[in-house]
2 protein chains.
Amino acid sequence: MDNKKIEKISRALSDANRIAILQQFKKKKDCLYCAEVNDLLDLTQPSVSHHLKQLVDAELLLPQKEGRNLKYVLNQQVLDDYITCLNDLKE
Amino acid sequence: MDNKKIEKISRALSDANRIAILQQFKKKKDCLYCAEVNDLLDLTQPSVSHHLKQLVDAELLLPQKEGRNLKYVLNQQVLDDYITCLNDLKE
DNA sequence: CATTTATATAGAAACATTTGAATATTTAAA
DNA sequence: TTTAAATATTCAAATGTTTCTATATAAATG
């Protein structure tokens with residue numbers, strides 16, 4: 001993972017609303033629907049859409065179209081790769 | 001570690017110059033001098049000072065005054081706590 | 001096919017971050 | 001104790017981010 005990617009993921013994680021979205025995955029078992037995120041956050045729909053876009057662009061979330069709905073799954077691989085980079089900062 | 005802290009650390013990590021500073025610790029053994037960071041980055045001294053401040057405010061770096069010099073050590077504990085929070089996002 | 005539902009995009013206002021020039025502060029050295 | 005060196009602060013310009021309103025697109029339903 002190069003530094004541009006580390007930067008992008010860090011930026012995606014640097015917002016209270018986006019952290020809340022990611023933490024919501026612990027409560028829902030495997031996936032989160034777009035509409036559920038709209039309910040979760042105290043923001044308008046376009047603002048939520050913007051935040052989800054940041055997380056998808058950073059590849060922390062993987063979007064899956066289901067008819068006219070959209071669901072997201074957490075990309076554990078990217079999260080693991082990011083954590084590995086952070087661990088590499090040590091020693 | 002609360003969400004405000006996660007947000008602050010993430011933001012500190014969301015800049016190419018600050019990532020470069022942290023990575024420089026791998027090359028130097030235990031600490032980095034302020035003047036070394038000035039040499040490392042292609043920025044004016046006040047800009048470097050600004051970036052170091054962000055890292056110190058996030059507690060990723062611990063500053064130690066040595067006469068009129070200033071050296072930094074990496075705060076491995078904070079980095080570990082942050083990584084733990086990221087790991088908690090999974091499962 | 002017209003309507004409704006779900007999500008995205010455009011554009012603008014508000015706010016935050018980054019950067020550098022100028023200057024201040026602190027400490028060592030002459 | 002004046003001068004030089006290292007770092008910090010102030011301020012403003014440039015840039016980037018967040019949020020909203022309004023509108024567009026896409027897909028399902030009647």
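Letters A, B, ... mirror the listed sequences (proteins, then strands); counts begin at 1.
Between A:Gln23 and B:Asp88, the side chains place no donor N or O within less than 3.5 Å of an acceptor N or O (distance only, hydrogens not considered).
Formation of a donor-acceptor pair under 3.5 Å by the A:Glu36 side chain with backbone atoms of A:Tyr33 is found in this model. Judged by distance alone, the side chain of A:Asn75 and the main-chain N or O of A:Leu62 form no donor-acceptor pair under 3.5 Å. At distances below 3.5 Å, not a single donor-acceptor pair connects side-chain atoms of B:Ser47 with backbone N or O atoms of B:Leu43.
Salt-bridge check for B:Arg11 with A:Asp15: failed, with every basic side-chain N at 4.0 Å or more from each acidic carboxylate O. Ionic pairing of A:Lys5 and A:Asp81 is not present here: no N-O contact between side-chain nitrogen and carboxylate oxygen is shorter than 4.0 angstrom.
One can place OH of B:Tyr33 at 10 Å from P of D:dT7, the figure rounded to the nearest angstrom. Here C:dA8 presents its P atom at 11 Å from CG of A:Asp57, a figure rounded to the nearest Å. Between the P atom of D:dA8 and the CD atom of B:Gln54 lies a distance of 13 Å, rounded to the nearest Å.
Atom CG of residue A:Leu74 and atom CG of residue A:Asp30 lie 11.0 Å apart, to the nearest 0.5 angstrom.
Residues from residues 9-18 of chain A with heavy atoms under 4.0 angstrom of DNA chain D, sorted by number: A:Arg11, A:Asp15, A:Asn17, A:Arg18. For the segment residues 37-53 of chain B, the set of residues with a heavy atom within less than 4.0 Å of an atom of DNA chain C comprises B:Leu43, B:Thr44, B:Pro46, B:Ser47, B:His50, B:His51, in numerical order. Listed by residue number, B:Lys65, B:Gly67, B:Arg68 are the residues of residues 60-69 of chain B with a heavy-atom contact under 4.0 Å to DNA chain C.
Of all the heavy atoms in A:Lys28 and A:Cys31, the pair that sits closest is CB-O, 3.6 Å.
Using a 4.5 Å heavy-atom threshold, the side chains of B:Lys53 and B:Ser49 count as separate. Counting only heavy atoms from C-beta outward, the side chains of A:Ile19 and B:Leu89 never approach each other to under 4.5 Å.
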